[in-house]
Amino acid sequence: MAQSFSFASLFSFVSLTLSILVNYGYASSSCYSSILSFGDSLADTGNLLHLSADSNKHYHFALPPYGETYFHGPTGRCSDGRLIIDFIAEDLGLPYVTPYIGSNNFGKGVNFAVVGATALDSSFYAERGIKNPFTNASLGVQLGWFKKMLPSPCHTSSDCKELLGNSLVLMGEIGGNDYNHALLADKLLDEIQTFVNPVINAIAVTINELIKHGATTLMVPGNLPIGCSAAYLTKYNSSNEEDYDPVTGCLIKFNKFAQYHNEMLQLELNQLRELHPEVTIIYADYYNAAMQFYSAPEKYGFIKGALTACCGGGGPYNYNPSVACGTRPATVCEKPSTYANWDGLHLTEAAYKIIFKGLFEGLYTTPQINSLCGSVAVA
């Protein structure tokens, strides 16, 4: 009896230990050994924060209440807490992905994403009178950083092939700011629609380059439903009820534009799959994963709705471009988890977690990533 009790106790102890390791992200998945990330503020874990420190520029996302929910302070993430990339890292049993700027330890992955980044180079927008208020770190610049970084974790081309072959490459989200900067600068939607093909081509060029260097699994997100953004709802406020989706309250024409981008992106990814049949190219449907809570916010715990910002400078959607979250006299809600929108342009940790679960536990990836790779549970 004593021996039986001992084995039972040992089993319980081991089970508890494994549970703790899994829930806090220390368990190891055999599928990917690292994450390589490119993109913009939906994925930046600190690059622009480090760049701004070097240039003496000050951005509001470097101030409280950013990061308050999980990290208990600003980290450079444009949210109150974790982003989709953070939940992916936890799910794969990997550390949070290290920003490229300010780090030289890339053993478990590296993040090149930068707040405000575009797929197209800044010269494209300068020629059209469109200013990027944050950065010139376009997708091409990020690819250059990647190539510069390679000698650090690998010493031979075979090392690099192995590194990339065992990595999950997150290609974005990228492209949203190519349209955001233009739309918020009062450019017409018809003109901006001509940007879509060049944006998709820039993404495809980068994917081909990464495959050439050894990438074998890439996840490529589409754009979010921008017509549901507090920033767009504020700027393009309309007295015409027909401009709004009767179910979600989102602006129809901007969501249709996001869907157009996503359709063009998926067509390009299909061509890339034909060109590289040995590579797994996953489309991540951010749009429809997010539409879950835009269509039924209370079902997902957003009792304050999905359209109004938790942190902002007032107005119908608590968004004022002149009073950014983190600056005075902006206010912040008591419970960010009851809001889907964080600061007018970005989502709360709670919303990002729902999108993540839609991707890794649901049906919002093509092919479904949960059929390709085992994972560990995210608490």
Assess whether atom NZ of Lys235 is packed by more than 12 heavy atoms of other residues, nucleotides or ligands within 6.0 Å.
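Count over threshold, so yes.
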
Sorted by first residue and then second, give each side-chain hydrogen bond (donor to acceptor under 3.5 Å, both in side chains) pair with at least one member in residues 277-291; sequence neighbours left out.
Asp285-Asn288

Residues 306-319 vs side-chain hydrogen bond (donor to acceptor under 3.5 Å, both in side chains), sequence neighbours excluded, gives none

Taking disulfide (SG to SG under 2.5 Å) as the definition, give me every residue that meets it alongside Cys311, ordered by chain and number, with sequence neighbours left out.
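Cys311: disulfide (SG to SG under 2.5 Å) contacts with Cys325.
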
Tell me, with the steps shown, if His60 and Tyr66 meet side chain to side chain donor-acceptor pair (under 3.5 Å).
CA-CA 9 Å; His60 61 94; Tyr66 284 86; 3.1 Å; yes

In plain terms, say whether Lys147 and Glu209 are close enough for a salt bridge, that is, a side-chain N and a carboxylate O under 4.0 Å apart.
yes

Of all residues at least two apart in sequence or in a different chain, which pass the salt bridge (charged side-chain N to carboxylate O under 4.0 Å, His left out) check with Asp86?
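With neighbours one apart ignored, the set is Arg77.
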
In chain order, what residues pass the salt bridge (charged side-chain N to carboxylate O under 4.0 Å, His left out) check against Lys256, with sequence neighbours excluded?
none

Suppose we screen for side chain to side chain donor-acceptor pair (under 3.5 Å). Which residues come up paired with [X], at least two apart in sequence or across chains?
| X | result |
| --- | --- |
| Asp243 | Ser238 |
| Asn262 | none |
| Tyr244 | Asn237 |
| Asn177 | Asn180 |

With a 3.5 Å distance limit and no angle check, can you tell me whether [X] reaches the backbone of [Y] through a side-chain donor-acceptor pair?
| X | Y | result |
| --- | --- | --- |
| Thr327 | Val323 | no |
| Asn111 | Phe38 | no |
| Thr234 | Ala231 | no |

Step by step, work out the side chain to side chain donor-acceptor pair (under 3.5 Å) result for Tyr179 and His261.
CA-CA 10 Å; Tyr179 316 129; His261 166 94; 2.8 Å; yes

When you look at His346 and Phe61, which way does the ring pair (Phe, Tyr, Trp, His ring centres under 6.0 Å) test go after all the steps?
CA-CA 11 Å; His346 306 99; Phe61 57 82; 8.1 Å; no

Can you check whether Phe124 and Phe195 have ring centres sitting under 6.0 Å from each other?
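Ring centres of Phe195 and Phe124 closer than 6.0 Å.
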
Partner residues of [X] under the side-chain contact (heavy atoms from CB on, under 4.5 Å) criterion, sequence neighbours left out:
| X | result |
| --- | --- |
| Lys299 | Ala296 |
| Asn208 | Leu272, Leu275, His276 |
| Asn197 | none |

